[in-house]
Structure formats: C-alpha cells, structure tokens
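Notes for the one structure printed next.
Chain letters run A, B, ... following the sequence lines, proteins first, then strands; residues in each count from 1. Predicted model only: the values in this text are computed from it and were never measured.
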Amino acid sequence: MLEKSFSPAEAEARLYAIWESSGAFAADPTSDADPFTIMIPPPNVTGSLHIGHALTFTVQDALVRFRRMQRRDTLWQPGSDHAGIATQMVVERLLAAEGTSRKQQGREAFLDRVWQWKAESGGTITRQLRRLGASLDWPRERFTMDEGLSRAVRRVFVEMHGQGLIYRDRRLVNWDPAFQSAISDLEVESREMDGSLWYIRYPIEGVPDRFITVATTRPETLPGDVAVAVNPEDERYRDLIGRHAILPLVGRRIPIIADGYSDPEKGTGAVKITPAHDFNDFAVGQRHALPMPSILDRQAGFVIDEIAGEMRAVEGIADPAYLTRLAGQDRFAVRAAIVAELERLDLLVQVERHRNQVPHGDRSGVPIEPLLTTQWFCNAAELAKPAIRAVEEGRTVFVPRQWENTFFAWLREIEPWCISRQLWWGHRIPAWYGPDGQVFVAEDAAGAAALARTAYGTDEVLTQDEDVLDTWFSSGLWPFSTLGWPDQTPELARYYPTDVLVTAFDIIFFWVARMMMMGLHVMGDVPFRTVYIHGLVRDERGQKMSKSKGNVIDPLALIDQFGTDALRFTICALTGPGRDVKLSPAIVESYRSFVTKLWNAARFCEMNGVAPVPGFDPAQVKLPLSRWLLDSANVAVAEATAALDAYRLNDYAAACYRFTWNTYCDWFLEFAKPVFAQGESPEASEIRAVAAHVLGTILRLLHPAMPFVTEELWGAFGFGAEGTLIRAPWPKPAAAAEAEAARAELDWIVGLITEVRGVRSEMRVPPSILAPILLRDADAEALARAARWEDTIRRMARASEVRPLEGEAPAGSAQAVLGPITIVLPLAGLIDLGAERVRLEKERAKALEEARKVQAKLSNESFVSRAKPEVVEENRERLAGFTAEAARLEAALGRLG
RNA sequence: GGGUGCGUAGCUCAGCGGUAGAGCAUCGCCUUCACACGGCGGGGGUCACAGGUUCAAUCCCUGUCGCACCCA
C-alpha cells in the first residue's frame with residue numbers, strides 16, 4: 001500500500017542511489033542507438049549550487065531523461081572548471097588566515113595547497129547536483145586541470161602558435177591591480193560612478209599667457225601625457241595645431257595634434273593623450289607614433305622611471321622634485337596630490353561634478369587600470385569568421401533565434417583575446433625563454449629544449465613562462481577535450497558534435513562563442529548543433545538575485561522544504577524560451593500540490609485494484625470511457641513530445657498538468673468510480689486496465705520533470721522493477737478505436753453535468769439536496785446516453801434520477817439549455833424564482849448579444865464576399881446556434897410564468 | 001547614444017489575423033468513503049497608447065509612452 005503521502009527526502013536518496021549504482025546514467029559508446037549529447041557547462045570548482053544552476057540543470061536533465069526514454073544513447077558529460085582567479089582567491093584567503101601568503105609559500109607549495117583544497121572542498125556542487133536528480137554520467141566526470149584536458153590545452157596552444165593565431169604582443173590590457181593580472185574585456189564591467197571632470201590649463205610653448213584647457217576624469221595620469229589632441233575642424237584651436245604645450249608638473253613639451261577622436265562638444269574640445277593608460281588614447285598614440293610612457297606600475301602605484309629623463313623645472317609650472325616625492329604612492333593618493341598641486345599653481349580652471357562609467361574587475365571589484373604589458377594573445381577575429389559562418393549557415397542554431405544577433409554582434413567586432421594571466425593556478429603557458437629572450441613554444445620542456453638546441457646549436461638553460469592561461473581557454477576546448485582529444489577515442493568519434501548546449505544568455509560571449517571558435521578550428525566542425533538559451537532566475541518582483549540584495553533563494557532549502565520534484569516541475573512550468581523565471585518559495589509550494597495530486601490519484605487507483613495488465617492492448621478496448629481516455633492521452637503525449645522537441649518546457653509542463661489533473665483526475669477517475677464500485681465485471685476490469693495503462697503513460701510523461709515521484713509510483717505499481725522508469729520507453733500516441741464517437745459521447749456527458757452543476761450552484765441549491773434531471777426535447781441518442789451514464793450523472797450532478805420530461809415542466813423548475821435540449825430541474829420551493837428569472841434573462845441577453853455581433857458581421861457585404869468561405873459558413877452556424885439558444889431561453893422564461 | 005526583449009484578468013504568463021485563455025490569487029458552496037497541498041461553481045480583461053494595412057487587428061506595419069536587459 002502506498003503511504004498516505006509522498007516522502008520526498010527518503011525516496012530521492014534511495015532512488016538516486018539505485019539509478020546511479022545500476023548504471024542508468026551511463027552512455028554506451030558501443031550502442032547502435034542514435035547518440036544524444038549534452039556537455040555540462042562546467043561549474044566553477046569553487047561553486048556551490050545556486051538557483052541559476054537549479055534552472056539550467058533541471059532543463060538539461062529533463063531533456064536528457066526525455067531523450068534517454070526515446071532510446072537515444074545519452075551522454076550528459078559532467079565536470080567542473082578550475083576557475084583560475086576564483087580558486088586562487090579562495091586559497092589565498094585561507095593562507096592569509098594562517099598568517100602566510102602565496103608568495104611566502106612559493107609556487108610549488110602553493111599549487112600543492114590548491115590541489116589539497118580541491119580534493120577536500122572542490123566537489124560541493126557535484127554532490128549537490130545529485131540532490132537535484134541530475135542524471136549525469138558520473139564516471140566520466142572531468143576537470144579542466146586533469147592531465148588529459150591539460151594535454152589538450154598544450155596541444156592547442158602549440159598548434160595555434162605555429163599557425164600564428166597565438167602570439168606575444170605588447171599592448172594595452174585591462175589590468176586588475178588587486179589580482180595583479182591581466183583580465184579579458186569580458187571580465188570587466190563598467191559601473192556608473194560619481195566623479196569629477198577636472199579642467200586643467202596647459203601653457204602654450206612660446207606664447208606667453210596663452211593656455212589650452214583640457215578636461216579629464218583622470219588627472220593622475222597627467223604625467224604620462226604625450227600630446228593634447230583637438231579636432232581638426234575645431235576653429236578655436238586651429239592655430240595651435242603643430243605647436244607644443246608645456247606639460248604641467250612635468251615640464252616636458254608635448255605636441256598639440258589634430259585628431260578626430262577629440263569631440264568639440266565634449267569638455268573643452270581639447271583632450272590630453274595618455275597612450276599607456278587609456279584605450280582611446282592608445283589608438284591616438286599609435287596613429288601619431290607617439291611615445292607611450294607608463295606612470296603606473298602593477299600595483300597601480302605611481303612610478304616616474306619612464307618619464308624621469310624628461311622632467312624639468314619650469315617656473316610656476318613644473319617642479320620635478322614634487323613628482324619624485326609622489327613615486328610609490330597609490331593612484332588615488334596621486335590624484336589628490338596632483339589636483340592640489342595644480343590648484344596651487346593656478347592651473348586648475350574648474351572642477352565639475354560628473355557621472356562617468358568606470359571599468360571594474362568583475363571579481364575583484366576594484367577599478368581596472370589599462371596597462372601596457374607584454375601578454376599572449378589569441379587572434380580571435382580570425383577564429384570568429386568560421387564561427388559566424390557556421391551560425392549564418394544554420395549548422396548551429398540558437399533557440400530562440402534572436403540570440404544569434406547577440407552572438408554575431410560580439411564576434412564581428414571582437415578584439416584580440418588576451419589569454420595570459422599573471423596567476424599561478426591554471427595551465428602554465430607552454431613557452432620557454434632562452435638566455436637571449438628567444439621564445440620556444442612546445443608541449444613540454446623537452447620539446448622546447450630540442451627547439452632551443454636547433455636554434456642555438458648548444459644546450460642552453462631555458463625558463464618557462466611564469467604565466468597561466470585564461471580559464472576560458474580550457475573551457476573553450478571542453479566539448480572535445482572531455483571526450484579524449486587529442487586522442488582519437490570512440491567517444492570523440494561518436495559524441496562530437498554534441499546535440500545541444502543549454503545555458504543562459506550571459507554566457508554567450510564568455511563560453512559559447514569560445515567553444516564555437518575552438519571547436520571549429522580544432523575539430524573542423526561545430527561543437528553543438530543547437531544552443532538553447534534560457535532566462536535567468538529572478539525573485540518574485542523580477543529583481544536579479546544577488547547576495548547584496550539579500551533576495552537569493554537557496555535551491556537546497558527549497559528541496560528540503562518541498563521536494564526536488566516540486567522545484568523541478570516549477571522550473572519547467574515557468575521556463576519559456578528566453579523568458580526569465582520569477583521564482584519564490586510560494587510558487588514552489590503551490591506546484592507541490594501537483595506532486596501530491598499525482599500521488600493521491602495513484603493511491604486511489606491502487607485502492608481500487610488498478611494494476612498494470614500484462615499484454616494489455618489499447619486497440620482492443622470497447623467502452624467509450626476507455627477510448628475517450630486513451631484518445632485524450634494521445635493528445636497529451638503528442639503535445640508533451642512536441643513541446644520538449646521545441647525546448648518549450650512550460651508547454652510541456654502545462655500539457656502534462658492539464659491532462660493529469662483536469663482529464664485523468666477530475667473526469668476520468670470520477671467517471672470510473674461507479675464502475676469500480678461494481679466490483680468484478682468485464683466492464684470494471686477494462687476500466688482498471690485502461691486506468692493503469694494511462695497512469696503508466698502519465699508517469700512516463702512526467703518523469704523528465706518529476707523523476708522521483710514518478711519513479712516511486714512506477715515501482716510501487718509494478719510497471720517495472722524499482723528504478724527502471726528512467727529507462728522505460730517514451731510513450732507514443734496509439735490510435736484508439738472509434739475515438740470520434742467516444743469523444744462525442746463523453747463531451748455530451750461532461751456538458752450535461754457541467755450545466756446542471758452550474759445552475760444548482762448559482763441557484764444556491766445545497767449539494768445535499770438531490771433533484772431529478774428532466775430532459776426536454778431530447779432525441780433518442782441523447783436519452784440513450786443519459787441512460788447509459790445515469791449512475792455517473794446522478795453522482796456527479798447530485799441527481800435523484802435522469803429521465804425525459806413528460807408533459808409540462810413542473811412549476812418552479814430551474815432550466816438550462818444544452819444544444820437542442822432544455823434541462824429541467826424541478827426545485828419548487830427550493831429556489832428563488834425571481835433569481836432564476838434574472839439568471840435566465842442574463843443568459844438570454846448573452847446569447848442575443850453574441851448573435852447580434854455575428855449578425856452584424858454577416859450583414860457586412862464585404863465580409864461575406866471577401867472572407868474565406870469557411871469563415872463565413874462558421875459564422876452562419878454560430879448565428880444559428882446563438883439564435884436557437886436565445887429562443888430556448890425565451891421559452892424557458894415563458895414557462896417560469 | 002546603439003541594440004534586444006517585454007507591456008493581455010489582482011499576480012505569473014500562453015495565444016499572435018475571424019469565438020480572449022491557463023495556473024495561482026479572489027469570492028460562494030461543500031469536512032461526498034484518493035486528495036482541504038481537495039471538490040464544485042462564480043466574478044474579473046476598451047489585450048499600454050495613437051495612427052495605418054485589411055472585409056476583419058490583442059495578433060501585421062509605423063510612431064509614442066513605460067519597464068527590463070545587453071553593448072558603448
């Protein structure tokens with residue numbers, strides 16, 4: 001016997017263990033079934049399961065379970081990435097708490113410590129994914145720093161270096177002073193800040209008392225200025241072009257140049273140019289072949305080494321000793337000092353309050369400093385071309401389609417990708433330097449040594465590049481490195497390209513684009529055929545969840561409270577393509593009712609002897625009720641399948657919900673009750689068999705969304721051994737015999753019951769009072785149906801009997817119109833005849849209003865002549881229907897007296 | 001500033017040329033032997049606004065307003 005209620009916690013742990021230990025999640029490379037592959041977007045090894053994970057992994061698991069049931073050889077590849085910066089931060093914090101540091105420990109000891117941390121704490125999210133029911137092929141779990149994946153990284157690096165797609169360059173990069181590492185454009189977020197715009201006047205060389213005033217948000221970079229730029233069209237400054245200004249505080253002469261970058265409308269129309277500390281200025285500097293002295297170091301402290309030689313004292317304008325004293329100070333202290341000195345020298349014209357966008361490191365949270373350094377770059381523009389083409393040609397398709405524009409927009413104007421990071425945790429760059437600085441790129445030290453021997457003719461001491469690669473470099477290889485590449489494994493041949501990548505839009509640039517570029521370059525084919533982009537999880541007010549807002553919802557807390565199935569079904573029900581999901585505990589609680597409803601329906605079945613019948617053939621059923629249910633189930637199966645095929649999880653959930661609750665529970669089981677009450681009869685045994693069959697269909701349909709409760713019921717009913725629903729075949733529609741007739745009959749019964757219930761409820765007849773149902777103007781077929789279903793009608797419509805009306809309707813009856821029939825409910829003394837008159841008049845008015853609208857349409861000459869004939873015909877029928885209904889209601893009113 | 005998406009019942013959303021729908025919430029009745037995490041019934045919408053196309057517009061087009069997000 002099923003327990004009175006479902007206990008999620010107990011069932012989840014038990015069933016997951018059965019699935020996992022029985023190998024139910026395992027892909028089978030030797031299978032001859034069609035493969036279906038999803039690569040997990042590898043979560044950070046430092047991560048723990050948050051609600052966004054719950055969304056994306058629920059979607060993935062639902063798709064995987066669906067395809068597995070469709071007999072596909074399913075590989076859902078698990079794993080995590082090493083999260084260079086995040087992980088290094090975590091371990092550095094640990095060291096700090098122990099009173100030591102990364103630098104004190106040294107590289108090797110530090111890396112040992114990170115691996116130790118990973119072993120102890122790194123598996124959090126993989127444990128949590130099991131609670132979500134995720135059916136990942138765990139024995140295949142990979143980590144981006146695994147030896148195999150590291151080998152793939154080295155191989156790709158070496159190959160691409162050989163092809164000129166990876167190179168060293170001295171460029172301006174986004175420098176994170178907190179991490180003291182370069183970061184990529186994507187790891188920078190601009191934040192709007194309250195700042196100031198400082199107007200500073202620079203004296204013009206050789207023109208006493210003439211100044212040019214520049215406006216800047218970053219006065220601290222002034223010592224690095226190498227020019228003042230004005231727009232060539234700007235009349236105000238035309239005569240100054242070609243002259244020189246004297247750089248305040250420094251004393252160096254800098255040219256006044258003409259460049260379109262300078263916007264006459266902004267500030268004063270004259271801008272200071274600091275190529276080593278601003279991306280726009282860097283471009284100007286390149287155009288005009290200007291020097292690029294740096295005045296900030298890796299800690300964003302002030303340094304004068306590169307300008308010291310050109311500092312000179314100029315009376316009232318520059319004093320080298322002042323700048324020298326500032327050396328070593330932080331950029332913000334230097335800003336204050338420089339502003340103060342300019343003010344003292346009367347070179348500060350004014351200060352305006354100014355809102356500006358300040359780039360910040362997305363992880364460190366500190367302002368980013370553009371810094372001129374030598375780094376490794378990847379020629380992303382070149383790699384982007386095949387990726388763009390693949391999407392243009394539909395070899396990879398985004399769902400929903402509009403995200404392709406986002407993808408294109410970013411790839412079409414992509415900058416070189418800075419792939420080196422000044423960190424220790426990550427894939428060390430496979431480049432070695434000879435004594436003269438010559439670089440040798442090889443997969444290992446021996447390979448580099450061989451190259452060096454060829455170059456030098458002797459064995460020289462080589463030192464490996466200190467830096468590591470951007471984590472996304474290894475993540476970009478994920479779809480094939482996890483399958484064994486560079487080895488040509490059976491898995492690689494079978495599962496690449498993968499079928500679908502599931503992720504949120506915020507990761508299109510970071511990861512999707514990089515996998516596309518790397519996959520096409522290395523494998524010569526797209527990494528996935530479909531990219532399904534889902535929304536983000538928000539709170540019930542639509543706000544993005546964040547720790548600082550305090551509105552985060554912990555998925556594990558929801559699971560503890562309501563069960564995994566409730567959370568998963570909620571997510572499915574709310575996940576339309578590209579739609580954000582607004583989640584709250586209350587909504588999960590309300591969907592838990594559905595889990596409970598399913599459980600109770602099954603329990604009711606069990607109590608009534610419903611059990612799977614071996615060899616049951618749906619095509620052989622005779623009763624209209626059986627045929628109607630099977631036909632309805634076919635519709636549900638078709639809807640659910642189509643919705644999952646189209647990644648419409650919400651439609652899938654709704655189709656299952658509707659069929660289970662509104663059809664199976666509300667009508668079918670109610671209709672079945674009188675039959676079950678008969679005990680043993682051929683009729684009852686057919687209904688029991690059909691009930692079991694369709695319950696099995698429901699369990700299979702719902703399994704991708706609610707794996708645990710469905711699996712539990714599957715086992716309890718003996719549809720299969722415990723834990724085998726996960727591998728049961730996905731249901732297919734199977735035509736029910738004479739479904740049309742069955743549907744007509746059941747629809748009529750449903751209509752009759754609904755009408756009677758409505759009248760009784762509106763006339764406030766208590767359910768305890770039974771009243772006859774008298775049918776006026778009913779034809780033989782209707783009367784036969786009423787007779788066949790009398791028990792059911794009596795039960796569900798609170799009727800004492802159902803029979804044709806003979807003679808006149810008893811005085812004081814309530815009436816309702818059902819097609820050509822008028823339903824008469826003799827309730828003299830029980831109802832308020834005035835209220836009944838009002839009710840009937842309202843009904844009649846409604847029918848007349850509808851008839852009037854349709855009539856108006858049909859009276860329109862151009863409608864009749866220009867609309868499609870079937871639409872015109874349809875409206876003629878509607879008019880006839882409403883007119884007849886109004887007439888019957890009119891007659892009913894007449895009978896009221 | 002450029003782009004994308006969205007404004008439909010109190011809330012969350014579906015519909016997308018011809019009858020405006022669901023879930024939740026709400027109201028009324030019902031402790032009927034699966035389920036009160038329930039059953040039955042009801043109310044509730046000038047489909048943001050203004051033009052246009054069309055026999056017909058919530059749906060297509062244009063513009064306006066509002067909200068959200070992305071990029072600069």
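- The side chain of K868(A) contributes no N or O atom lying less than 4.0 Å from OP1 or OP2 of G18(B).
- Counting non-hydrogen atoms of neighbouring residues, nucleotides and ligands closer than 6.0 angstrom, the CZ atom of R363(A) reaches no more than 12 such neighbours.
- The side chain of S5(A) places no N or O atom within less than 4.0 Å of a non-bridging phosphate oxygen (OP1 or OP2) of C37(B).
- Side chain T596(A) to base C37(B): a donor-acceptor pair is found below 3.5 Å.
- When heavy atoms are screened at a 4.0 angstrom cut-off, R648(A) is found touching the sugar-phosphate backbone but no base atom.
- Note on E392(A) versus R412(A): salt bridge recorded, some NZ/NE/NH1/NH2 to OD/OE distance being below 4.0 Å.
- Here R592(A) lies in heavy-atom contact (under 4.0 Å) with a base.
- Judged by distance alone with a 3.5 Å cut-off, a donor-acceptor contact links the side chain of K597(A) to the base of C35(B).
- Backbone-only engagement by R764(A) is indicated by non-hydrogen atom pairs under 4.0 Å involving sugar-phosphate atoms exclusively.
- In this structure, the nucleotide among G39(B), A34(B), U12(B) sitting nearest to the side chain of L574(A) is U12(B).
- Atom-to-atom distance recorded for N231(A):CG and D259(A):CG is 8.5 Å, nearest 0.5 angstrom.
- Spacing between U46(B) and A20(B) at atom P, rounded to whole Å, works out to 14 Å.
- Atom C1' of C55(B) sits at a distance of 48 Å from the matching atom of A72(B), rounded to the whole Å.
- G66(B) and C60(B) have their C1' atoms separated by 23 Å, with the value rounded to a whole Å.
- The shortest distance between the side-chain N/O atoms of R579(A) and the OP1/OP2 oxygens of A14(B) is below 4.0 Å.
- Note on E836(A) versus R839(A): salt bridge recorded, some NZ/NE/NH1/NH2 to OD/OE distance being below 4.0 Å.
- K4(A) comes within contact range of the sugar-phosphate backbone alone, with a heavy-atom separation under 4.0 Å but no base atom that close.
- In summary, the aromatic rings of W667(A) and F671(A) are positioned with their centroids under 6.0 Å apart.
- Within the 4.0 angstrom heavy-atom criterion, base atoms lie near R878(A).
- Separating the P atom of A68(B) from that of C61(B) is a span of 25 Å, rounded to the nearest Å.
- The pair K673(A)-E670(A) counts as a salt bridge, with a side-chain nitrogen and a carboxylate oxygen less than 4.0 angstrom apart.
- Taking the P atom of each, G63(B) and G2(B) are spaced 13 Å apart, rounded to whole Å.
- Heavy-atom distances to RNA chain B give each of A602(A) and E762(A) a nearest nucleotide, and the one nearer the 5′ end belongs to A602(A).
- We find that R218(A) and E369(A) are joined by a salt bridge, their nearest charged nitrogen and carboxylate oxygen being less than 4.0 Å apart.
- Residue-level contact check: A654(A) touches neither bases nor backbone, having no heavy atom under 4.0 Å from any strand.
- In this structure, C665(A) reaches the bases: a heavy-atom distance under 4.0 Å links it to at least one base atom across the strands shown.
- Atom pair W667(A):CH2 and G38(B):C1' shows a separation of 16 Å (rounding to whole Å applied).
- The side chain of K673(A) contributes no N or O atom lying less than 4.0 Å from OP1 or OP2 of U32(B).
- Residue R794(A) has no polar side-chain atom (N or O) positioned under 4.0 Å from OP1 or OP2 of U32(B).
- A straight line from CD of E870(A) to C1' of A56(B) spans 15 Å, rounded to a whole angstrom.
- For the pair Y664(A) and C35(B), the criterion of a side-chain N or O lying under 4.0 Å from OP1 or OP2 is not met.
- F594(A) and W661(A) have parallel rings, their planes meeting at less than 30° on a 0 to 90° scale where 60° marks the start of perpendicular.
- As rounded to the nearest Å, G23(B) and C6(B) have P atoms that lie 24 Å from one another.
- Distances shown here put every side-chain N or O of W403(A) at or beyond 4.0 Å from the OP1 or OP2 atom of G3(B).
- A gap of 30 Å separates the P atoms of C37(B) and G21(B), to the nearest Å.
- E670(A) comes within contact range of at least one nucleobase, with a heavy-atom separation under 4.0 Å.
- For the OP1/OP2 pair of C55(B) and a distance below 4.0 Å, the side-chain nitrogens and oxygens of R866(A) include at least one atom meeting the criterion.
- Checked against G38(B), C69(B), C35(B), the side chain of R603(A) finds its nearest nucleotide in C35(B).
- Between E849(A) and K846(A) there is no salt bridge, since none of the side-chain N atoms of the basic residue sits less than 4.0 Å from a carboxylate O of the acidic one.
- Put simply, CZ on F671(A) is 17 Å from P on A34(B), counting in whole angstrom units.
- Note that K597(A) lies outside the cation-pi zone of Y664(A), set by a 6.0 Å cut-off to the ring centre and a 45° limit from the axis.
- For E606(A) and A34(B), the CD to P distance is 13 Å, given to the nearest whole Å.
- Minimum atom distance to the side chain of P767(A) is reached by C29(B), of the listed U12(B), G23(B), C29(B).
- Within 4.0 Å of F594(A), counting heavy atoms only, lies no atom of the nucleic acid at all.
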Review item, nucleotides 70-72 of chain B N/O atoms under 3.5 Å of protein N/O:
none

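- Within the 4.0 angstrom heavy-atom criterion, only backbone atoms of the sugar-phosphate kind lie near D666(A); the bases stay farther away.
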